[in-house]
Structure formats: C-alpha cells, structure tokens
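Reminder, nothing fancy here: chain letters follow the sequence lines and each chain counts from 1. These figures come from a predicted structure and were not determined experimentally.
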There are 2 protein chains.
Amino acid sequence: MNISTASTMCGLPVKTVRYYADIGLVVPAARSAAGYRVYDDETVRRLVFVRRAREFGFSIGECRELLDLYADRRRSSADVKRIAARRLQQIASKQRELQSLHDELAHLVEACSGDDRPDCPIIDGLGRRHSGE
Amino acid sequence: MNISTASTMCGLPVKTVRYYADIGLVVPAARSAAGYRVYDDETVRRLVFVRRAREFGFSIGECRELLDLYADRRRSSADVKRIAARRLQQIASKQRELQSLHDELAHLVEACSGDDRPDCPIIDGLGRRHSGE
DNA sequence: GTTGACTCTCCTGTTGCTGGAAACCCTAGG
DNA sequence: CCTAGGGTTTCCAGCAACAGGAGAGTCAAC
C-alpha cells in the first residue's frame with residue numbers, strides 16, 4: 001500500500017510517516033519502481049506502535065528502543081518495564097511541577113479583582129524575584 | 001551595567017538576555033560606544049518579570065502582553081486576569097492529560113512482571129490500536 | 001491525452017533557547 | 001607600551017518533532 005493508505009490505517013499524518021521513514025524509525029517495506037514508499041501490514045503495525053508510544057510521551061529515542069524490544073522475540077519484559085517506569089517517573093515529576101505552578105498561579109488569580117483598576121496581584125507577583133510570599 | 005551583571009541580577013543566562021534583546025522582548029536601555037548592551041535597574045526588573053512569567057509557563061507572546069500591561073499605568077487588572085486565567089486553564093488541561101496518561105501507563109507497568117521472559121503487557125498495550133479497553 | 005490526485009525531494013519555519021567561531025573591546029600587570 | 005585574560009559582539013548551527021509549501025514526477029480514470 002502507498003503512504004496515504006498507511007497513514008489512514010495507522011492514524012498518523014502522511015508528513016509524519018515520511019518523517020519516521022527519513023529518520024529510520026519506521027522504514028517502509030519497499031520502494032516502488034517510481035520511488036514510492038510501500039507499506040505492508042507489519043510496517044503499519046510498527047507505525048501504530050510508535051503512535052501509541054508517542055501518545056504516552058515516549059521520545060523518538062525511546063520509541064526506537066521499544067520498537068527493538070517489540071520485534072525481539074527474546075526480549076525480557078524487565079527491559080520494557082524499566083523504560084516505562086522511567087517515563088512514569090517523568091510524568092509524575094511533571095505532574096508535581098504543574099501542581100505547584102497551578103496552585104501558585106491560582107492563588108494570584110483569585111487575589112485579583114479583575115476590574116478596570118490597575119492594581120493587580122498577578123502583575124505584582126510576577127514582578128517579585130521569588131515565587132509566593 | 002553590562003550584560004553579565006544584568007544576567008546575574010535577573011537570574012537568566014547571558015545568552016537568554018541577548019536573545020530577549022534580539023527578539024525585542026527586553027531591549028537594553030542603551031548601547032555603549034563599543035556596541036555593548038547597557039542595562040539599568042528598570043530593564044533588569046523587566047528581565048526578572050519575564051523570567052518569572054516564563055517559569056509560570058507563559059509563552060514569549062504572552063510575556064510580551066504581560067510586559068505591556070506591566071508598564072501600563074492605565075491597565076485594567078481584568079486584562080491581566082484574563083491572560084492568567086487562560087494559562088491556568090491550559091495548566092489544568094495538561095494536568096488532566098498527564099493524569100490519564102499516568103494512570104494508563106501505571107496500569108501497564110503494574111501488570112508487567114518485569115522478569116526475563118518476553119511476555120509483556122506494556123508492549124502488548126502499545127501495540128493495540130486504542131488505549132485502555 | 002489530459003485532468004486531478006497522489007507522491008517524491010528539498011527547504012524553511014516553528015519554540016525558546018544553547019553552543020560555538022571569529023573578531024572586537026577593555027582593563028590590569030609588567 | 002604591550003600583552004594576556006576576560007568580556008562582548010555578531011552570525012551560524014542545532015536541539016525535538018514535526019508542518020507547510022515549492023516544484024517536479026507518477027498514476028489511474030475518463
């Protein structure tokens with residue numbers, strides 16, 4: 001199948017599929033006589049796999065690792081788990097960061113009257129060197 | 001004062017201060033005869049303001065807006081509040097996204113035995129077209 | 001045979017910087 | 001006065017992970 005069919009099947013934009021081929025992440029099964037990228041069910045499966053991994057926030061590099069493990073019949077699930085656990089840590093860390101950000105900003109927003117006067121705790125809060133206080 | 005002093009005072013790398021000058025976000029108060037960027041207390045305050053706003057995740061464009069309001073004596077706090085509230089929405093939305101991501105990935109990681117056998121719910125979960133089920 | 005859709009490669013732009021190269025400037029020491 | 005060292009300038013490349021568009025080739029249908 002051609003790239004647009006593969007694109008539809010895997011749920012990724014054509015541009016992205018082409019990009020993944022360029023960087024050697026998911027290489028098409030073949031090239032037609034005219035140079036068209038040709039995909040088969042297996043390569044489409046790999047594209048879906050990458051799409052899902054990307055949705056989870058895995059980097060392209062991690063996708064490469066996971067893809068290797070995906071294809072490796074002799075893999076140990078521990079290797080996969082390690083990568084996933086690492087990502088889980090990143091997510092948790094980002095969550096904590098967002099939480100304190102949210103709290104602090106919400107605090108400022110609540111303190112702001114939001115009328116036509118210039119006095120504004122948000123502006124003041126941003127102007128201050130340190131965060132809350 | 002020269003750029004490195006301003007950099008130290010505002011807590012931003014020299015490169016970043018220079019970048020902000022280039023894009024016209026925080027322009028130095030003057031240039032010396034030799035072409036050196038010259039900063040004063042006011043421009044340093046603006047740099048601090050931007051640093052704080054960036055820490056809150058405001059984009060450069062939003063920083064520009066906020067900086068205008070910061071300098072505008074006739075601003076209405078409602079304008080500031082609107083921008084901050086929008087950003088707060090984005091944060092909350094990102095939090096929800098991360099939460100479901102975290103839950104789903106944690107679910108997979110928990111289900112994975114993490115030993116030397118190849119069977120792996122994580123790999124299986126990534127290979128499946130849709131998320132949970 | 002000609003239209004129209006599809007595909008190719010290559011280049012640029014995105015966001016917010018960061019690093020490096022080559023050249024200038026400035027000050028302190030000898 | 002000269003030199004060595006820092007600091008400063010500009011410009012150019014690159015990061016992640018693509019997206020948009022130009023210009024040219026290809027393919028199937030009518």
Side-chain angles (χ1 to χ4, degrees), chain A residues 1-40 43-44 46-67 87 90-91 94 97 101, chain B residues 1-40 43-44 46-67 87 90-91 94 97 101:
Chain A
M1 70 189 87
N2 280 344
I3 198 169
S4 63
T5 309
S7 160
T8 306
M9 287 184 64
C10 74
L12 287 169
V14 169
K15 273 281 184 186
T16 302
V17 176
R18 205 171 277 138
Y19 173 69
Y20 287 168
D22 285 351
I23 63 173
L25 183 60
V26 179
V27 187
R31 289 279 186 152
S32 77
Y36 285 21
R37 290 171 185 83
V38 176
Y39 291 87
D40 57 9
T43 44
V44 167
R46 290 166 60 82
L47 286 169
V48 170
F49 183 89
V50 170
R51 173 176 64 75
R52 291 276 300 141
R54 291 288 300 138
E55 283 168 4
F56 273 109
F58 289 103
S59 71
I60 295 290
E62 285 167 332
C63 286
R64 232 180 266 270
E65 293 184 65
L66 289 170
L67 218 37
R87 175 71 194 133
Q90 290 171 4
I91 292 176
K94 192 74 187 171
E97 188 188 336
L101 228 53
Chain B
M1 71 189 84
N2 279 347
I3 197 167
S4 63
T5 309
S7 160
T8 306
M9 287 184 65
C10 75
L12 286 168
V14 169
K15 274 281 188 188
T16 301
V17 176
R18 204 172 277 137
Y19 173 69
Y20 287 167
D22 284 351
I23 64 173
L25 183 60
V26 179
V27 188
R31 289 279 186 152
S32 76
Y36 285 20
R37 292 171 183 83
V38 175
Y39 292 86
D40 57 8
T43 44
V44 167
R46 290 165 61 83
L47 285 169
V48 170
F49 184 89
V50 170
R51 173 176 65 74
R52 292 275 302 140
R54 291 287 302 138
E55 283 167 5
F56 272 108
F58 288 104
S59 71
I60 295 290
E62 286 168 331
C63 288
R64 234 180 265 271
E65 293 184 64
L66 289 170
L67 219 38
R87 175 71 195 133
Q90 291 172 3
I91 292 176
K94 193 72 187 175
E97 188 189 334
L101 228 54

query: Taking only residues two or more places apart in sequence or in another chain, which ones pass salt bridge (Lys or Arg N to Asp or Glu O under 4.0 Å) with R37(A)?
result: D22(A)

Partner set under side-chain contact (heavy atoms from CB on, under 4.5 Å) for [X], not counting sequence neighbours:
X      : value
A34(B) : S32(B), Y36(B)
A30(B) : V38(B)
L67(A) : L25(A), V26(A), R46(A), F49(A), V50(A), Y70(A)
E97(B) : K94(B)

Does the side chain of [Y] come within less than 4.5 Å of [X]'s, by heavy atoms?
X      : Y      : answer
V44(A) : M1(A)  : yes
E55(A) : R52(A) : yes
Y39(B) : T5(B)  : no

- request: Go through the structure and list residues passing side-chain hydrogen bond (donor to acceptor under 3.5 Å, both in side chains) with D40(B), not counting sequence neighbours.
  value: T43(B)

message: Can you list everything that forms a side-chain hydrogen bond (donor to acceptor under 3.5 Å, both in side chains) with Q90(B)? Sequence neighbours excluded, please.
response: R87(B)

field: Touch class at under 4.0 angstrom, heavy-atom based, for I3(B) against every strand present
entry: sugar-phosphate

- prompt: Yes or no on side-chain contact (heavy atoms from CB on, under 4.5 Å) for Y20(A) and R51(A), after CA distance, side-chain angles and deciding distance?
  reply: CA-CA 11 Å; Y20(A) 287 168; R51(A) 173 176 64 75; over 6 Å; no

query: Using Watson-Crick and G-U wobble pairs with both distances under 3.5 Å, what is the 5'-to-3' dot-bracket string of DNA chain C, with [ ] for crossing pairs and | for pairs outside the strand?
result: ||||||||||||||||||||||||||||||

task: At under 4.0 Å between heavy atoms, which parts of nucleotides 17-22 of chain D does protein reach? Answer with one letter per nucleotide, 5' to 3': B base, S sugar-phosphate only, - none.
output: BBSBB-

Pairs flagged by salt bridge (Lys or Arg N to Asp or Glu O under 4.0 Å) wherever residues 6-18 of chain A is involved - sequence neighbours left out: none

task: Please report the C-alpha distance between R54(B) and I60(B) in whole Å, then the side-chain angles of each, then the deciding distance to 0.1 Å, and finally whether the side-chain contact (heavy atoms from CB on, under 4.5 Å) criterion is met.
output: CA-CA 8 Å; R54(B) 291 287 302 138; I60(B) 295 290; 4.0 Å; yes

Opening and closing nucleotides of DNA chain C in contact with chain B, under 4.0 Å to non-hydrogen atoms: dG16(C) to dC26(C)

field: Gap between atoms CG and P, on D22(B) and dT8(D) respectively (whole Å)
entry: 15 Å

- request: Enumerate the residues from residues 31-40 of chain A whose closest heavy atom to DNA chain C is under 4.0 Å, giving them by residue number; use none for an empty result.
  value: R31(A), G35(A), Y36(A), R37(A)

